[in-house]
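Below: one structure, written as structure tokens.
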There are 2 protein chains.
Amino acid sequence: MTQDKDPDRAVSQTVKALLSLRDLILSGALQPGERISELSMVERTGVSRTPVRMALVRLEEEGLIEAIPSGGFAVKAFSEADIFDSIEVRGAMEGLVARAAAERGASRAALADIKLCLDDIDALTRHPVLNLDHFASYVQLNARFHAALHDMSGSAVMIRQAERASALPFASPSGFVMAQSALPQARTILIVAQDQHRCVIEAIENREGERAESIMREHARLARRNLQLALGNQTTLDLVAGSALIRRPSRA
Amino acid sequence: MTQDKDPDRAVSQTVKALLSLRDLILSGALQPGERISELSMVERTGVSRTPVRMALVRLEEEGLIEAIPSGGFAVKAFSEADIFDSIEVRGAMEGLVARAAAERGASRAALADIKLCLDDIDALTRHPVLNLDHFASYVQLNARFHAALHDMSGSAVMIRQAERASALPFASPSGFVMAQSALPQARTILIVAQDQHRCVIEAIENREGERAESIMREHARLARRNLQLALGNQTTLDLVAGSALIRRPSRA
DNA sequence: TTTCCTCATATTGTATACAGGAAGGATAGG
DNA sequence: CCTATCCTTCCTGTATACAATATGAGGAAA
């Protein structure tokens, strides 16, 4: 009901290529730095070169791959600092949308809607013990919250930019949630994050722009802390989509 | 010396199409809302459909055109509010890079380099009377300053995002400079802008992150004021690239 | 006169052919 | 044994052909 499930029909070849390629890259099937052969992708995705090429252009804009001067594209590698900065950028953009929502005022309907989302998250975190399904649900709800927050800015330009910043590699609001799930502090982190959710909505309701902005920036820094925790051990790292693209600074 | 001038040789067809299409759109040759016929673009640009299509995808990412649900692309229209928000987004990103530069520290070489740029701008503004050539030079120098500022963040991710934000329609740091030139306050605006340039570099040198960020945000708001002035009368509006895409909210 | 349906046309999305050039290996020379 | 050069192979960028579908005009019916 949410979207078309059929993977073959009613989906453009370009979209199919885009999803396949993104999966291939994030799963680590393609080595960072390695040139992406278009013909190989034709074989692997089952679509012809034209849509593959379209998808490559979009993935370049997304930041997952980069153009090679002599032609073609290569998978990017990401340092811990790169990911930190991506999250910081996302925090800045979400801070901006939150401030805009607060200063310009959010509609009663939007506030009511996002509070329902918050209630759902509360219901989730009330469980004394959280399993993988719970975390998967949280990822969904969290995405819903962030999308709704963006919408509350009321600005198409800001919404677009916030979405684009969130689509940066490893910058997604839920990027490290699944990794959290293996951590002992998992529940604590979720509770803190949810408190920030509540606070930013309160700030928006009270028209406190500065406060709303700084909360969202801090909220992004919570993701950075998750990243640090996730990078700490291999078990959690394996739960991060695209972990094969992360180059550790040292091999000590 | 700055870049390849030859429009025919040694430039890929895709780049040629990209530049041609952007010009066509900004010049107002294509009506906002109107579907962009690929075949027409083939005729007008002299390249085949494939590179035209590539260029269209990139222009969509840039935000100048949007996909039509039934296929193809249409030129976007921009309200005054859209442009305000684009500039605000750019200000937020440049605020972020300035803060990063301040907090992480800029190299002596980078500081020396950007100060040379500032000196050049000072030399320009010292002229008692400014003609169109002066403003054109300012546009160049201003672009150089902003690019150098982005670089000072030292973060490839932030540089990239700052450039992308600056590439949003009408969000360029120099977007309304040429329009200024026809205004009586032109020189004043330039002097104020240049003072902000000096101040932000001082803040970065002194490691004052918060100050550097707020200066760049305010610097962007100066562009917003220029926009308001430019929208005020037709003479100045005509100097704005892409003015045909701006839809006035009312025709009073 | 207005609305709906049908059909011809035009346009996009996709596949594929072709040419120029880059990457890598093998071979010959130092 | 190392290095430089040439050659083969593969790959990308571009053009174009083809099919499915959207668009718009024109006519018929209410």
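Below, read A as the first sequence line, B as the second, and so on, with proteins coming before strands; counting in each chain starts at 1.
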Sidechain-backbone polar pair: [X] side chain, [Y] backbone, donor-acceptor under 3.5 Å:
{"X": "R164(B)", "Y": "E61(A)", "value": "yes"}
{"X": "D82(B)", "Y": "S79(B)", "value": "yes"}
{"X": "S12(A)", "Y": "V15(A)", "value": "yes"}
{"X": "R90(A)", "Y": "A165(A)", "value": "no"}

>> Both T50(B) and E38(B) contact DNA chain C. Taking the nearest nucleotide for each, which residue is further toward the 5' end?
In response: E38(B)
> Start at the 5' end of DNA chain C and walk down; is the nucleotide closest to L39(B) or to S70(A) reached first?
Replying inline: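 Its nearest nucleotide being more 5', the pick is L39(B).
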Output the rounded distance in Å from [atom1] ([X]) to [atom2] ([N]).
{"X": "F73(A)", "N": "dG13(D)", "atom1": "CZ", "atom2": "C1'", "value": "11 Å"}
{"X": "L56(B)", "N": "dT14(C)", "atom1": "CG", "atom2": "P", "value": "15 Å"}
{"X": "M54(A)", "N": "dG13(D)", "atom1": "CE", "atom2": "C1'", "value": "14 Å"}
{"X": "Q13(B)", "N": "dG21(C)", "atom1": "CD", "atom2": "P", "value": "13 Å"}
{"X": "E34(B)", "N": "dT12(C)", "atom1": "CD", "atom2": "P", "value": "12 Å"}
{"X": "I68(A)", "N": "dT12(D)", "atom1": "CD1", "atom2": "P", "value": "8 Å"}
{"X": "E60(A)", "N": "dT12(D)", "atom1": "CD", "atom2": "P", "value": "14 Å"}

>> Between E62(B) and R58(B), does the salt bridge (Lys or Arg N to Asp or Glu O under 4.0 Å) criterion hold? Intermediate values first, please.
In response: CA-CA 6 Å; E62(B) 190 173 316; R58(B) 297 206 119 96; over 6 Å; no
Between [options], spot the one nearest the side chain of [X], thanks.
{"X": "S37(B)", "options": "dA15(C), dA23(C), dT12(C)", "value": "dT12(C)"}
{"X": "R49(B)", "options": "dG13(D), dA15(D), dT14(C)", "value": "dT14(C)"}
{"X": "S48(A)", "options": "dA15(C), dT12(D), dT14(D)", "value": "dA15(C)"}

> What is the nucleic acid contact for I36(B), judged by heavy atoms within less than 4.0 Å: base, sugar-phosphate only, or nothing?
Replying inline: sugar-phosphate
> Any side-chain N or O of R53(B) less than 4.0 Å from the OP1 or OP2 oxygen of dG13(C)?
Replying inline: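 Yes.
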